[in-house]
Protein chains: 2
Amino acid sequence: VSSNLLLAAAYVYDAQYNRNIPFETSPQAVRLYYLYNHWTMETATYFFIFVNLCLALFEEPSYTHLDATSLVEVLCLLVFFGRLVHFAKVTPRNVFWKDTKNICIMITILVTLIDLIIYGTLKISNMQSVRWSRPLRPIFLINFAESRQIRRAFRSIRNTLPEVTYVFLLFTFSVLMFSLMALKLFGDRNLRTVDGSPYFTNYLEIAFDLYVLVTTANSPDVMMPAFDFSWWYSLFFITYVIINTYIFMSVFLAVVYNNYRKHLKNEIRKLAYMKRHKMVEAFNLLKVKEDTEFVVKEAHWKQLVKLVAPKISMAHRELLLRISDDEQKDKMSFVRLADLLNIQVITMKLHSHPLANWIPRVYNSALSLLIRSMVQHKGFVWIYDVIILINAIFIALDEKNPFISYAEWVFLSLYIAEILLKVYTYEPRTFFAKNQFWNWFYASIIVAALIATVLNTTLKTTTKYNSQQVLDIVLILRVLRLIRIIDSIQRFRVIVNTLINIVPTMLTFGGLALVVYYIFAIVGMEAFHGKIQFFGNSTSPYALMCGNVALKDSTFARAKYCKNNFNDIASSFIVLMELTVVNQWHDILSFSTLKTPPLKLFIHQILYIDFSSIFVAFILEAFFVEY
Amino acid sequence: VSSNLLLAAAYVYDAQYNRNIPFETSPQAVRLYYLYNHWTMETATYFFIFVNLCLALFEEPSYTHLDATSLVEVLCLLVFFGRLVHFAKVTPRNVFWKDTKNICIMITILVTLIDLIIYGTLKISNMQSVRWSRPLRPIFLINFAESRQIRRAFRSIRNTLPEVTYVFLLFTFSVLMFSLMALKLFGDRNLRTVDGSPYFTNYLEIAFDLYVLVTTANSPDVMMPAFDFSWWYSLFFITYVIINTYIFMSVFLAVVYNNYRKHLKNEIRKLAYMKRHKMVEAFNLLKVKEDTEFVVKEAHWKQLVKLVAPKISMAHRELLLRISDDEQKDKMSFVRLADLLNIQVITMKLHSHPLANWIPRVYNSALSLLIRSMVQHKGFVWIYDVIILINAIFIALDEKNPFISYAEWVFLSLYIAEILLKVYTYEPRTFFAKNQFWNWFYASIIVAALIATVLNTTLKTTTKYNSQQVLDIVLILRVLRLIRIIDSIQRFRVIVNTLINIVPTMLTFGGLALVVYYIFAIVGMEAFHGKIQFFGNSTSPYALMCGNVALKDSTFARAKYCKNNFNDIASSFIVLMELTVVNQWHDILSFSTLKTPPLKLFIHQILYIDFSSIFVAFILEAFFVEY
Ligand code: NA
């Protein structure tokens, strides 16, 4: 029974966390499976995935001669391999080899090793080469079993692709048709753009310009020469924008959202089925025949819950037992256990205040009672709302004034006094309960502000060295304190709580974005590294053209975009972020396409359209569920 | 019975078209009500509303001394007043005076008359004054009973406002907080923007710049000075864009869409209730007692249908009769009549081809049969698809080449031959049936192209005058022919048909946009007329600063935006359209705000956010229903 209980607990555990790993049922394998799922193992895996991704920060082209990165990478690969071997021991052999995720990881490990060996050999013989396996690193993030959510998001995107492709083809057709019309209408007019080049004379350039217009990035410049010629021609562009920007983009969103919702429903149905299936298996392991039906004995049930959720209190366990109707658990009530375990029970223990136990006479004295009733009064909240508003004005004023910088200490003391008074009045464990998000948030900001301010003042007075970083953090923390005002207004709190609840969804999307950005950033660094240089505030002609003669007099150089380059991973991420924001993207990318057909942009933008639609669909659905 | 029948028919008619006008039930009032709803009267009303709106085209500031416009306006007002009096005779007096729509129209007529009299008096005494009642003109478009759809759309927007306001306040709070942070972080750094002015030193300017960043219009320029100083600071802007552009805009969309859908459901439920209520009233008028229950006799039923839908065929009426189960119509089956009448019955009459009747021997000869089987063959469609692709290439080539311009005649002949062959093979009435959208579209484009091409050639050869307008139309029609390729691919046809089905929804939205744009355009013309001037290609310094010294060296003048002005109604609409597209809007609007706080922009953008969200919500919902 003991090994059966362990196996049943594993099933219940998987059902509870929507895990879907087929594992061997021998007692030894089950024990290994427990180890595999232990939080330390999972955290370690994520840590090494993170380290592996971060290697790009220390590698060429930003820093040279750091062979330490290669050593760390080998270490990461070893960890990944170990994790995979562990997984192979847990799961049945034929299942393991059929799973593309495992094959993917193995091939990636192998390919990376080969790349490292080639690179090392060439380096020893003093030859430059490219670490071409680096864009593969996000594969580890996607394919380890823990990244279920990200994989699900990827599947959502893949599922929308067929439908989106048809809309996209139609959209492309529409752009090409309008381009042809533009060529016929404006090609022979001898019009000039604002910088004097011929206007709308080349078909491919027209198609590109009109494609940029869909993203609105060159509106209204692209229209002005034709509009200056005759105002009738503006109708062409207005029709174009209405059809291709507004209608087509809305249709994209509609199609993506529709598919996403459909797909999500299927996934949820599948999850519910898997959960039930696992619970039934657990039931079958523990069932005994009583009269005509099979049941699980209460003793077994209690042992199982202790195994699955060792941390929950005795009272909580008794509560679960009462909710599951009968003394003897039949199949129906047993299957619900996984869901019951997921319900967060908020234990509102009526602790008496610790001070009331330690120094009851002081804590219950007349003065103490007065203070406590004052803190509990509504006016206390109002007074602090007013203090925050005054503080906001003081922050906006110039802090060079010594009076203002003195006031900062007063405000900080007031906030600390508020927290202390609240902890004095309410029970500390209640005040800092798990679900009291705002109390936690607010207290940590105040404490951090206190530490940073003290540190800043100490540095200033002792070493005469004014640390910019610490000061910046102090300033940000000071402004963040003002967020508290949201908590005072009921309707704002509802919206913010909704937003906080959809954070997990957004993080999943963030993981997805990280994967895509990382690949683009690494490839971009290899391709464009060093093409653009930033020389600070230098005004030499070479610095003004970003160290690239091809950029002389370009919009890119004129707008001082020199720091938008692919010279290191941080800059690459920032450039990619700017491209996602879409504005001026054609100017930002001008350096990378110097005279080459802008095919890359098209691909990037296809991605962008599907990407941003998926993001909106994510938020829409998450918001509808939570709001 | 006859007057009862007329009244019942009026009820059924209203139910069928979702009309909701309470009218008097005296025979005379019912007859007046029929007249009121007659299509000529409705068309006339719309025509005069349209004329009234179009007056702006001929009025100052664009053209002066046109007192004809005032006369036409008085005529329009008379028509509106007549229509209102007619309505007052139809509807019960207390209902008429309680309806805000009628009061609105009356006040607007009165106010406009007063304005006209003041304006005329001042003009006679040679004094300049402002026609301040002109922005009220769209009120007629909204408030006449016929504009049910536009009013419903307005109600949808109004219903989303309370919820959206809270999100908007939170959003504003977020922008203001970030502005405060930006002031603290960058205010004392002595940074300079690309044109040398101080960077982020004034709180209000920061708030405005960051607000523009939400619309992405000044990305990445607004970030570059801070980014050049240290790449860490780019994180501030990236966080800002993620929170305020992506998340908040998605939440706006989610809230608007959610409310819109909820509201739409209510409206539909209300409509269904009204419809049923009207049908029950009609039933009560015609019912007779038969055995234990009330019924409508078949003879009455037939008379009623003849009255309500005089145009439907005998066969169609018989079909309706059969569908409504019993010989004697009880209440249940009678109520469904309004819905049944709305079902479009496509009568697939198997007409024989007219030529087969006129010249049967020729039409059924071996050659004729061969031609007809060729046309019906799949290869025929493929051949024409290939012809279209070749035509597309020819269009893209330079038409100065005489060979190319000769080819155009060949293609035109081929297309005409195709239509003739199809009409020869298939029955003309089937080919041009109401539901054959593509055949209609295609044939009209070909015929128009033929007429325009002939006209163009005639003009060219006879008068040596090459009409640009006609040539432009020829070119556009030539490209539009290529759309046909969509019809060949099933999946494209589905999407396009969906789009065609949501056209009514989009037109409603277009009416709404027209109202908003019209008001802004008129007010903008009064406020900014003449401030900016466009001097064609002149390169004099005065022309280069758009005739306004304040614009010297501004981005506006440098980008040659001089034609983006409020000097006439067409330009005003184009500028408003550009502002809706959002890109560069802060530059376009720079002239109108010269040194004044940008409050107007905020209002405009609030409108924009709600406006575009509503548009997307419209399309999403319409698309989900149709797709
Ligand atoms: Na933009």
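As the structure is a computational prediction, the values presented were derived from the model and not from experiment. In what follows, every heavy atom counts, from backbone to side chain, and hydrogens, waters and symmetry copies are set aside. The chains referred to below are lettered A, B, ... by the order of the sequence lines, with proteins before strands, and numbering in each begins at 1.
Remark: the backbone N or O of B:Met224 is not paired with any side-chain donor or acceptor of A:Lys563 at under 3.5 angstrom.
Scanning both residues, A:Ala392 and B:Leu180, for their nearest heavy atoms gives O-CD2, 4.3 Å. What you find for A:Arg189 and B:Asp472 is that their closest heavy atoms are NH2-OD1, 3.1 Å. Nearest heavy atoms, A:Leu183 versus B:Ala396: CD2-O, 3.7 Å. Considering all non-hydrogen atoms of both residues, B:Ile476 and A:Met181 come closest at CG2-SD, 4.0 Å. Contact between A:Met506 and B:Ile247 at its shortest, heavy atoms only, is SD-CD1, 3.3 Å. Across all non-hydrogen atoms, the minimal contact from B:Lys184 to A:Leu475 is O-CD1, 3.5 Å.
For the pair B:Met223/A:Ile574, a side-chain contact is recorded, criterion being any heavy-atom separation below 4.5 Å from C-beta on.
Remark: B:Ile489 CD1 to A:Phe173 CZ distance equals 8.5 Å, nearest 0.5 Å. Within the model, atoms CZ of B:Phe534 and CH2 of A:Trp231 stand 14.5 Å from one another, a figure rounded to the nearest 0.5 Å. Rounded to the nearest 0.5 angstrom, A:Arg491 CZ and B:Glu163 CD are separated by 5.0 Å. Taken to the nearest 0.5 Å, the CG atom of B:Leu170 stands 12.5 Å off from the CZ atom of A:Arg493.
Both the backbone and the side chain of A:Ile483 have a heavy atom closer than 4.5 Å to some heavy atom of chain B. For B:Ser179, no part sits under 4.5 Å from any heavy atom of chain A, backbone or side chain. If you measure heavy-atom distances from B:Leu176 to chain A, you find no contacts under 4.5 Å at all. Only the side chain of A:Ile485 comes within less than 4.5 Å of a heavy atom of chain B; its backbone N, CA, C and O stay farther away.
Put simply, of B:Phe229, B:Phe573, B:Tyr233, the one with the most heavy-atom pairs under 4.5 Å next to chain A is B:Tyr233. For the set A:Tyr203, A:Phe227, A:Phe178, A:Phe236, the entry with the most heavy-atom pairs within less than 4.5 Å of chain B is A:Phe227. Highest contact tally toward chain B, considering only A:Leu482, A:Thr245, A:Leu235, is held by A:Leu482 [criterion: heavy-atom pairs under 4.5 Å]. Comparing B:Ser571, B:Ala570, B:Ser174 by how many heavy-atom pairs each has under 4.5 Å with chain A, the most go to B:Ala570.
Enclosure of atom OH in A:Tyr166 is not indicated, since only 12 or fewer non-hydrogen atoms of other residues, nucleotides or ligands lie within 6.0 angstrom.
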